[in-house]
Q: 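Have a look at this one.
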Amino acid sequence: MARAYDVVDIEKKWQRRWADEGTYEVDADDPRPPWYVLTMYPYPSGPAHMGHVRNYTFGDLLVRHRTMLGYAVLSPFGFDSFGLPAENAAIKTGTHPRIFTDARIVELKESITSLGAVYDWRREIHSHDPEYIKWNQVIFQKLLADDLAYRANAPVNWCPGCQTVLANEQVLADGSCERSGDLVIKRDLEQWFFRITKYADELLAGLDDLDWPDRVKTMQRNWIGRSEGAEYDLVVEGRDGSDGRPALALTVFTTRPDTSFGMTYAVIAAEHPLVDELTTPGQGPEVEELRARAAASTDIERMSEDRAGDLTKRGAFTGSNVINPFTGQPVPVYVADYVLMGYGTGAIMAVPAEDTRDWDFAHAYGLPIVRTVQPPAGWDESGGPDGGPGGAYTGPGEKINSEWLNGLDIPTAKARAVEWLESKGIGRPKVNFRLRDWLVSRQRFWGCPIPIVYCPTHGIVAVPEDQLPVLAPDDVEFLPTGESPLATSDKFRLTTCPTCGGPATRETDTMDTFVDSSWYFLRFTDPWTPDKPFDPEKARHWMPVRQYIGGIEHAILHLLYARFYTKALVDVGLAPEGLREPFARLFTQGMIRMDGKKMSKSKGNMIAPSTYFTTVGADALRLFHLFAGPPADDVDWTSQTDSVIDGCGRFLDRVWRLAVPSDDVIPEQRSGEMTVEDLSIRQATHRLIDRVSRDYERWSYNTAVAACMEFVNVVQPYARAGGHAEVVADAVDTLLLLLAPMTPHLAAEAWEHRHGDHIHERQWPLSDPTLAVEVTVTLVVQVNGKVRDRIEVDPAIGEVEAEHLALASSRVVEDLAGAAPRRVISRPPRLVNIVV
RNA sequence: GCCCGGGUGGCGGAAUGGCAGACGCGAUGGACUCAAAAUCCAUUGUCCGAAAGGGCGUGCGGGUUCGAGUCCCGCCCCGGGCACCA
């Protein structure tokens with residue numbers, strides 16, 4: 001599409017100007033109030049895609065708008081530059097990940113600049129910069145010193161085909177490796193963890209005060225998964241210690257201690273340490289088979305066997321019984337794969353009557369069922385698949401079959417049961433979390449090395465700060481071997497102990513890249529300090545981020561880790577006291593979809609933004625993204641989208657011709673006394689300020705754009721018909737100021753033509769309240785809720801006056817045909833409804 | 001299965017309980033032009049009607065209200081998240 005002005009030249013010109021003049025560089029001593037806006041720093045994957053464009057358009061608009069409102073806006077940019085694609089490329093092509101990554105950064109930076117997005121580039125950081133690696137490692141040491149980092153054995157995802165450990169993200173939904181397609185298995189390895197669970201309660205409570213989308217908060221709450229209940233011991237039958245053998249008990253966790261009288265069996269996880277001890281010789285083969293199956297299968301497989309599957313393959317009797325302390329009766333202990341070692345105690349008391357999973361299992365194994373809550377009338381006892389409500393009953397009700405709990409409601413019974421357990425010394429109240437500690441070890445090359453040395457005499461030794469950063473050597477073998485590529489480099493691995501100087505080996509794992517992104521926003525506040533990750537005073541000045549922008553895909557991991565890290569950094573003394581939450585406000589934009597699928601490289605349905613930069617221009621593309629619909633909604637990229645983008649370009653052309661007219665288009669304009677029409681344009685101008693300002697505040701950019709379009713539809717004919725020069729000038733200038741954050745190049749160039757100075761250094765326009773009010777409004781007259789007439793009235797019209805006007809309407813008189821209205825609802829100045 | 005979103009013209013989407021469909025795309029007609037592009041003007045939910053005008057209409061069924069796209073109850077469909085968490 002041919003545009004009315006030289007889009008490419010003008011856009012390049014202003015992009016250079018903003019950079020050269022440092023328009024958006026700010027420092028902490030700036031007298032203006034601080035306002036920190038941040039768009040999630042991207043993984044550098046090459047030129048920007050449409051998702052980036054959408055993301056950075058919203059961010060840039062905010063930067064420019066807030067600046068015009070008089071804030072010192074901190075708008076930094078950086079790259080989440082460690083990660084797998086670079087390493088995979090290295091395996092494939094032999095190119096060093098740094099070379100690969102640096103090239104991708106140049107490309108992405110170029111397209112972000114072409115979009116017209118502005119940043120304080122002095123603050124640019126890359127996760128793979130030695131400086132950043134150093135501070136990442138310093139923080140790791142601090143966490144280690146405060147026992148927030150620790151080493152433990154843990155199962156990891158192992159791909160037999162690639163002979164390597166995989167990140168969870170690399171394991172597909174069906175449990176296979178994303179690269180080789182082999183089935184991923186679990187392997188136990190020594191790994192590093194961060195103690196995020198220490199903050200579980202605070203991470204949960206902190207959500208309440210955050211101005212975040214509810215859906216993200218809900219996802220985090222579910223992820224943290226706090227549940228209150230009790231833990232208690234089940235003595236193994238015949239192992240109470242009375243016969244001289246040591247006593248043996250199984251500890252179980254339950255959220256329903258009130259149902260204990262209904263416990264008819266117990267279950268332990270296949271990986272539970274007591275499995276061997278509990279299994280009697282006769283049951284050995286059966287238990288062993290189940291165990292083997294559980295070990296070989298992924299979690300995904302366990303689930304896919306599911307309820308419809310063959311339940312009889314999911315458990316095995318151990319041959320042992322435990323005593324239900326409430327009834328004193330023995331119940332059998334099963335091993336089953338529906339109980340997970342990783343949660344609670346890895347063992348449960350099973351109450352089939354009040355738990356659906358236990359119900360299904362009990363049915364498959366012919367175990368007894370005892371109800372302890374009275375189900376409502378009509379509850380189907382058999383719980384048949386095609387019947388109505390039935391089976392396990394988990395709702396509220398009166399306790400039954402429970403001796404001293406009978407007649408109580410569930411909450412009271414829970415409390416009584418816990419009191420009883422405590423008084424007997426066999427149980428206690430217990431809160432469990434679904435949240436696990438954060439496993440940060442990655443058997444990968446392209447990440448931040450974990451700065452640890454293993455010494456035969458001193459064990460785990462932190463590399464001292466003056467020897468940081470620990471950097472990976474360049475000459476390593478990338479081919480997958482099953483260990484971190486760093487382990488193949490003796491030059492790297494073999495070292496001396498910092499404590500005793502004796503021979504020692506380095507940790508060869510690197511950190512999860514989510515570690516890098518857990519504090520980069522803090523580094524941005526002060527990327528220059530030489531002796532610490534950042535100056536806490538600088539962080540105090542800018543933090544928290546007033547508006548954080550990013551994709552919903554980070555709703556849990558990144559956003560939870562960053563919250564944890566911020567709290568941990570405060571506690572180890574690196575971040576300012578009192579800072580608890582990093583992101584005060586979060587916005588998650590919708591994604592771009594094509595044919596119903598997410599637009600992504602792997603799906604091969606990418607639309608390159610660069611093709612638009614060189615044709616309709618960045619402004620038109622930005623306007624499209626703003627105009628397409630509510631920012632939080634997904635955008636469908638269809639065959640019609642190009643037409644809509646052209647439409648945005650057409651609108652900008654109209655603005656251009658209005659703002660920078662050539663003599664043959666706009667006739668001579670009047671001056672002097674103003675007419676009624678002049679005044680109405682003037683009023684429309686001030687109403688536009690109000691409307692657009694309000695829409696900016698509520699993130700309703702599509703309606704803000706619509707308002708501007710409507711305005712041009714009115715002003716253009718007015719100007720062409722020779723409007724009042726002053727009124728036209730005011731209208732056009734206002735329009736440009738309101739558009740400046742959305743379509744910055746056009747606004748800047750047109751403004752320069754008109755005034756010679758820089759529009760983005762101007763203040764956001766303020767409306768004159770006396771002009772912004774509406775002069776007349778349309779009073780709608782209804783009879784029985786149906787519109788019968790419209791009357792132009794003074795907005796200050798009273799209730800009675802409006803009623804009189806309505807009743808006097810000829811249309812109403814005709815409709816009433818002499819009948820008296822039963823009732824008149826008068827809601828001046830918009831509506832009168834006459835009921836007959 | 002559970003938890004969130006969301007269903008409005010041919011399409012994207014507007015609408016503090018008060019004129020449903022703003023704005024844009026597309027389409028149709030017109031002006032300009034030798035012609036086209038660009039630009040400008042007009043029409044564009046649907047049905048009845050020559051018109052004036054009127055009926056119907058926001059996934060379905062009820063309800064509250066003078067008045068419901070909007071609030072309440074019960075469904076249907078679509079999208080997303082979580083999914084043996086005891």
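What you see below is based on every heavy atom in this structure, not just the backbone, and it leaves out hydrogens, waters and symmetry mates. Naming convention: chains lettered A, B, ... in sequence-line order (proteins, then strands); numbering from 1 in each chain.
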Q: Can you tell me how far P of B:G24 sits from OH of A:Y701, to the nearest Å?
A: 21 Å
Q: Tell me whether the side-chain N/O atoms of A:S227 come closer than 4.0 Å to OP1 or OP2 in B:A86.
A: yes
Q: Which part of the nucleic acid, if any, lies within contact of A:R811, taking any heavy atom under 4.0 Å across all strands shown: a base, the sugar-phosphate backbone alone, or nothing?
A: sugar-phosphate
Q: When the C1' atoms of B:U16 and B:U70 are considered, how many whole Å apart are they?
A: 11 Å
Q: A:R830 side chain N/O closer than 4.0 Å to the phosphate oxygens (OP1, OP2) of B:U16?
A: no
Q: Has A:R593 got its NZ or CZ under 6.0 Å from the middle of the six-membered ring of A:W637, at an angle within 45 degrees of the ring axis?
A: no
Q: What's the closest nucleotide to the side chain of A:M709 if the choices are B:A86, B:C19, B:C23?
A: B:C23
Q: Can you tell which of B:A86, B:G24, B:A22 lies closest to the side chain of A:D355?
A: B:A86
Q: Applying the Watson-Crick and G-U wobble criteria at under 3.5 Å, what pairs with B:C2? Answer none if nothing qualifies.
A: B:G81
Q: Given that A:R823 and A:A707 both sit by RNA chain B, which one's nearest nucleotide is further toward the 5' end?
A: A:A707
Q: When the P atoms of B:C3 and B:G13 are compared, how many Å lie between them, rounded to an integer?
A: 27 Å
Q: Rounded to the Å, how far apart are A:D695 CG and B:U16 C1'?
A: 14 Å
Q: Quick one: sort the A:H558 and A:H554 rings into parallel, tilted or perpendicular, breaks at 30° and 60°.
A: perpendicular
Q: Using the P atom on both, measure B:C60 against B:G7 and round to a whole Å.
A: 13 Å
Q: Just the rounded figure in Å: distance from C1' of B:G5 to CZ of A:R593.
A: 12 Å
Q: From C-beta outward on A:F627, which listed nucleotide comes closest to its side chain: B:A14, B:C23, B:A86?
A: B:C23
Q: Tell me the partner of B:G26, counting only Watson-Crick (N1-N3 plus N6-O4 or O6-N4) or G-U wobble (N1-O2 and O6-N3) with both under 3.5 Å; none if nothing fits.
A: B:U44
Q: Parallel, tilted or perpendicular, judged at 30° and 60°: which one describes the rings of A:W438 and A:Y561?
A: parallel
Q: Determine the Euclidean distance between corresponding P atoms of B:G5 and B:C71; express it in Å to zero decimal places.
A: 12 Å
Q: Between C1' on B:G5 and CG on A:D634, what's the gap in Å once rounded to a whole number?
A: 10 Å
Q: Can a side chain N or O of A:K430 be found less than 4.0 Å away from OP1 or OP2 on B:A86?
A: no
Q: Checking all strands, does A:V835 fall into the base, sugar-phosphate, or nothing category for heavy-atom contacts under 4.0 angstrom?
A: sugar-phosphate
Q: With the threshold set at 4.0 Å, does a side-chain nitrogen-carboxylate oxygen contact exist between A:E710 and A:R691?
A: yes
Q: Centroid-to-centroid, A:F627 to A:Y701, below 6.0 Å?
A: no
Q: Once you round it to whole Å, what is the distance between P of B:G81 and CD1 of A:I556?
A: 10 Å
Q: Check whether any side-chain heavy atom of A:L559 lies under 4.5 Å from a side-chain heavy atom of A:Q220, and answer yes or no.
A: yes
Q: Any idea which of B:C23, B:G55, B:C25 is nearest the A:Q640 side chain?
A: B:C25
Q: Could you identify the nucleotide paired to B:A20, looking across every strand shown and requiring Watson-Crick or G-U wobble geometry with both distances under 3.5 Å?
A: none
Q: Just to confirm, is there a sub-4.0 Å distance from OP1 or OP2 of B:U16 to any side-chain nitrogen or oxygen of A:R698?
A: no
Q: Which nucleotide, B:G55, B:G18, B:C19, lies nearest any side-chain atom of A:R788?
A: B:G55
Q: Using the salt bridge (Lys or Arg N to Asp or Glu O under 4.0 Å) rule, take A:R256 and A:D355 through it: C-alpha gap first, then chi angles, then the decisive distance, then the call.
A: CA-CA 10 Å; A:R256 292 293 302 275; A:D355 182 287; over 6 Å; no
Q: Where the side chain of A:V787 is concerned, which of B:C23, B:C19, B:C3 is the nearest nucleotide?
A: B:C19
Q: Taking the six-membered ring for Trp, are A:F361 and A:W359 closer than 6.0 Å centroid to centroid?
A: no
Q: Ignoring hydrogens and angles, are the base of B:G5 and the side chain of A:R215 linked by a donor-acceptor pair under 3.5 Å?
A: no
Q: Establish, from distance only, whether the side-chain atoms of A:T372 and A:E354 form a donor-acceptor pair under 3.5 Å.
A: yes
Q: On a whole-Å scale, what distance lies between the P atoms belonging to B:G10 and B:C48?
A: 16 Å
Q: Of all the choices, B:C23, B:C25, B:G81, which nucleotide is nearest to the side chain of A:M219 once you look at every atom?
A: B:G81
Q: So what does A:G647 touch, heavy atoms closer than 4.0 Å: a base, only the sugar-phosphate, or nothing?
A: sugar-phosphate
Q: Is there a Watson-Crick or G-U wobble partner for B:A38 with both distances under 3.5 Å, and which nucleotide is it?
A: none
Q: Under the rule syn = chi within 90° of 0, otherwise anti, which is B:G9?
A: syn
Q: Report each atom pair, protein N/O against N/O of nucleotides 40-47 of chain B, whose distance is under 3.5 angstrom.
A:
from	atom 1	to	atom 2	distance (Å)
B:C40	OP1	A:R654	NE	3.2

Q: When the C1' atoms of B:G57 and B:A68 are compared, how many Å lie between them, rounded to an integer?
A: 14 Å
Q: Which whole-number value in Å describes the distance from A:R691 CZ to B:A14 P?
A: 13 Å
Q: Measuring only the P atom in each nucleotide, how far is B:G49 from B:C4? A whole number of Å is fine.
A: 50 Å
Q: Assuming nearest nucleotide by heavy-atom distance, tell me which of A:T778 and A:N702 is located more 5' along RNA chain B.
A: A:N702
Q: Less than 4.0 Å between a side-chain N and a carboxylate O, is that true for A:R221 and A:D214?
A: no
Q: For the pair made of CG in A:D633 and P in B:G5, what is the distance, rounded to whole Å?
A: 13 Å
Q: With the side chain of A:N833 defined as its heavy atoms from C-beta on, choose the nearest nucleotide among B:A15, B:C66, B:C11.
A: B:C66
Q: For the P atoms, the ones on B:G61 and on B:G80, what distance do you get once it is rounded to whole angstrom?
A: 28 Å
Q: Calculate the interatomic distance between A:L831 atom CG and B:U16 atom C1'; express it in whole Å.
A: 15 Å
Q: Please name all residues satisfying ring pair (Phe, Tyr, Trp, His ring centres under 6.0 Å) with A:Y232, sequence neighbours left out, ordered by chain then number.
A: A:F326
